[in-house]
Amino acid sequence: MMTEVLAELAGKRMGAVDAWFMAGIEANPPPVEALCQAVARYHSEDHHEQVDGWADLLQDVLVGQKDVARLLDLMVLRASWRGFTEDPALRRTLVKAAAAVLDTPSGTLFIENAGLKSGVPLMEATRRLRVLHGLRQGAFCFDKTWGFGIVQRADDFYQKVTIDFDRKKGHQMTYAYAGESLTLIGPDHILARRHADPAGMTRCLKDAPGEVVYLALQSFGPLSADRLREVLTTHRLLDDAQWKSFWDGARKALKKDPRVEVPANRNEDIRLVAGGL
């Protein structure tokens, strides 16, 4: 959500925005959340060169504060600006920043296994590093093969993580493969909510099918009706015999839901509407 400060900056000339950003960098403490949002927002508005400079300054602030989570988010964002175009100078900058905050044996292993120093495309390497850093005991994750999982432990000696997945308890993955294949998920993900409150999810499937579709789209992105059915049945939210009554109820609810766009063609994706309330 955009901060009030960024809302106030809307429409101002870049000179004024630049002055605000520089003042924020020098503030004690700096408003890091607003600064992070400004970097993302103004780069997307094509102020690339200027915002690259902002990102360098913000990165130094986050390193100084040992703000690992926000630094990793910024690294992923900066790498995404390059797409799959290799930028050796940016890679060196990000390796240095990561090493400064992940200055533990585990952190060093994560940097190596993410491929940040090697030939893994920078956009992918930063994503992997953020995943590996998040693999703490109790963290929720998702794997396309094994489904929803809960991290049990990480072993630096063997460089492996052990995860209880829906489809395989006690499954071990090397750090390198875990970074490549896993997605971290938060408590609002539909599978995390099913895990935390299975009875509540069962009631929601029966009484609020439209809300279940909304949660599925939030969690997995746009889905066709067939793909939605596959997601819900594969992950044991409902079975094939329940699908028809569920989908009939969901379609009726979604016709009145401004947050969701349901196409006439069932082969097209159902998707969330930007700004829908």
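We count residues from 1, following the sequence as given.
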| request: Indicate the ring-plane relationship of Trp247 and Trp243, choosing parallel, tilted or perpendicular according to the 30° and 60° boundaries. | output: parallel

| task | Find out whether Glu261 and Leu272 are in side-chain contact, i.e. whether some heavy atom of one side chain is under 4.5 Å from a heavy atom of the other. | result | no

| Arg167 atom CZ, neighbour heavy-atom count above 12 within 6.0 Å | yes

| field | Shortest non-hydrogen separation from Ala250 to Pro209 and the atoms involved | value | N-CG, 3.6 Å

| So does Arg127 pair up with Glu180, basic N to acidic O under 4.0 Å? | no

| query | Between Arg13 and Asp18, does at least one N-O distance fall below 4.0 Å, as a salt bridge requires? | reply | no

| Any side-chain heavy atom of Thr174 within less than 4.5 Å of one from Val161? | no

| query | Does a side-chain N-to-carboxylate-O contact under 4.0 Å join Lys244 and Asp248? | reply | yes

| request: Please round to the nearest 0.5 Å and tell me the distance separating atom CG of Leu109 and atom CG of Leu132. | output: 10.0 Å

| message | Could you walk me through whether Asp226 and Arg266 satisfy the side chain to side chain contact (heavy atoms under 4.5 Å, CB included) test, starting with their C-alpha distance in whole Å, then the side-chain angles of each, then the deciding distance to 0.1 Å, before giving a yes or no? | response | CA-CA 8 Å; Asp226 287 342; Arg266 65 174 290 113; 2.5 Å; yes

| field | ring pair (Phe, Tyr, Trp, His ring centres under 6.0 Å) partner of His235, chosen from Phe165, Phe148, Phe142, Trp146 | value | Phe142

| task | May I have the step-by-step check of salt bridge (Lys or Arg N to Asp or Glu O under 4.0 Å) for Arg229 and Asp240, ending in yes or no? | result | CA-CA 8 Å; Arg229 177 178 182 171; Asp240 284 322; 3.6 Å; yes

| Charged N to carboxylate O under 4.0 angstrom, Asp56 versus Arg78? | yes

| remark: Between the CG atom in Leu237 and the CG atom in Leu191, the distance rounded to the nearest 0.5 Å is 6.0 Å

| request: Answer whether the closest heavy-atom distance between the side chains of Thr162 and Asp155 falls below 4.5 Å. | output: no

| query | Heavy atoms, side chains only, cut-off 4.5 Å: are Met75 and Leu116 in contact? | reply | yes

| query | So, do Arg92 and Lys96 sit near enough that their side-chain heavy atoms are less than 4.5 Å apart? | reply | no

| query | Would one find more than 12 heavy atoms of other residues, nucleotides or ligands at under 6.0 Å from atom CD of Glu49? | reply | no

| note | Heavy atoms of Arg128 and Gly179 approach each other most closely as CG-O, 3.3 Å

| query | In the single-linkage hydrophobic clustering (I, L, V, M, F, W, Y; side-chain heavy atoms under 4.5 Å), do Leu215 and Leu232 co-cluster? | reply | yes

| note | Looking only at heavy atoms, the pair that brings Ile190 and Val212 closest together is CD1-O, 3.8 Å

| Residues that Tyr42 engages under ring pair (Phe, Tyr, Trp, His ring centres under 6.0 Å), provided they are two or more places apart | Trp54

| message | With a 4.5 Å cut-off on side-chain heavy-atom distances among I, L, V, M, F, W and Y, is there a chain of contacts connecting Leu90 to Val76? | response | no

| Least distance between heavy atoms, Leu228 atom then Ala216 atom | CD1-CB, 3.8 Å

| Donor-acceptor contact below 3.5 Å, side chain Gln152 vs main chain Ile150 | yes

| request: Count the heavy atoms of every other residue, nucleotide or ligand shown that sit under 6.0 Å from NZ of Lys169, and state whether that count exceeds 12. | output: yes

| task | Could you go through the side chain to side chain contact (heavy atoms under 4.5 Å, CB included) check for Val39 and Phe21 one step at a time? | result | CA-CA 9 Å; Val39 165; Phe21 191 91; 3.8 Å; yes

| query | Rounded to the nearest 0.5 Å, what separation is found between the CG atom of Asp73 and the CZ atom of Arg130? | reply | 5.0 Å

| task | Supply the atom-to-atom distance Lys255 NZ to Arg251 CZ, rounded to the nearest 0.5 angstrom. | result | 7.0 Å

| Pair Asp52 + Arg82: basic N to acidic O under 4.0 Å | yes

| query | Is Met123 reachable from Trp81 through a run of hydrophobic residues whose side-chain heavy atoms are each under 4.5 Å from the next? | reply | no

| Verdict with supporting geometry, His43 and Arg41, side chain to side chain contact (heavy atoms under 4.5 Å, CB included) | CA-CA 6 Å; His43 194 280; Arg41 171 184 169 183; over 6 Å; no

| task | Scan side-chain atoms only and decide if Gln159 and Asn113 contain a donor-acceptor pair under the 3.5 Å cut-off. | result | yes

| request: Would you please test Asp166 and Arg194 for salt bridge (Lys or Arg N to Asp or Glu O under 4.0 Å) and show each step? | output: CA-CA 12 Å; Asp166 278 346; Arg194 181 210 64 189; 2.8 Å; yes

| message | Quick check: do Lys12 and Trp20 have side-chain heavy atoms less than 4.5 Å from each other? | response | no

| message | If I compare all heavy atoms of Pro121 with all of Arg91, which pair ends up nearest, and what's the gap? | response | C-NH2, 3.9 Å

| request: Have a look at Leu74 and tell me which of Thr126, Leu35, Val32, Leu58 forms a side-chain contact (heavy atoms from CB on, under 4.5 Å) with it. | output: Leu58

List, one per line, each side-chain donor-acceptor pair under 3.5 Å for residues 62-70, sequence neighbours excluded.
residue: Lys66; atom: NZ; partner: Ala100; partner atom: O; Å: 2.6
residue: Lys66; atom: NZ; partner: Asp103; partner atom: OD2; Å: 3.0
residue: Asp67; atom: OD1; partner: Arg70; partner atom: N; Å: 3.3
residue: Asp67; atom: OD2; partner: Arg70; partner atom: NH1; Å: 3.0
residue: Arg70; atom: NE; partner: Glu33; partner atom: OE1; Å: 3.2
residue: Arg70; atom: NH2; partner: Glu33; partner atom: OE1; Å: 3.2

| remark: When every non-hydrogen atom of Ala192 is compared with those of Phe140, the smallest separation belongs to CB-CD1, 3.6 Å

| Shared hydrophobic cluster for Tyr158 and Phe110 (ILVMFWY, side-chain gaps under 4.5 Å) | no

| Counterpart residues, ring pair (Phe, Tyr, Trp, His ring centres under 6.0 Å), relative to His189 (two or more places apart) | Phe220

| Measuring from Glu268:CD to Leu223:CG, what's the distance to the nearest 0.5 Å? | 14.0 Å

| request: Please examine the side chains of Leu102 and His133, heavy atoms only from C-beta on, and report whether any two atoms are closer than 4.5 Å. | output: yes

| field | Any side-chain donor near an acceptor of the partner, Asp156 and Ser106, under 3.5 Å | value | yes

| message | Within this structure, what is the NE2-CD1 distance for the pair His195 and Ile185, rounded to the nearest 0.5 Å? | response | 10.0 Å

| query | So do the side chains of Thr233 and Gln242 get within less than 4.5 Å of each other, counting heavy atoms only? | reply | no

| Test log, rule side chain to side chain contact (heavy atoms under 4.5 Å, CB included), inputs Cys141 and Ile163 | CA-CA 9 Å; Cys141 60; Ile163 303 171; 3.9 Å; yes

| Are Leu77 and Val120 joined in one hydrophobic group, where the rule is that I, L, V, M, F, W and Y side chains link up if heavy atoms are under 4.5 Å apart? | no

| Between Glu112 and Lys117, does a salt bridge (Lys or Arg N to Asp or Glu O under 4.0 Å) hold up when you go through it step by step? | CA-CA 7 Å; Glu112 292 173 355; Lys117 295 181 178 179; 5.0 Å; no

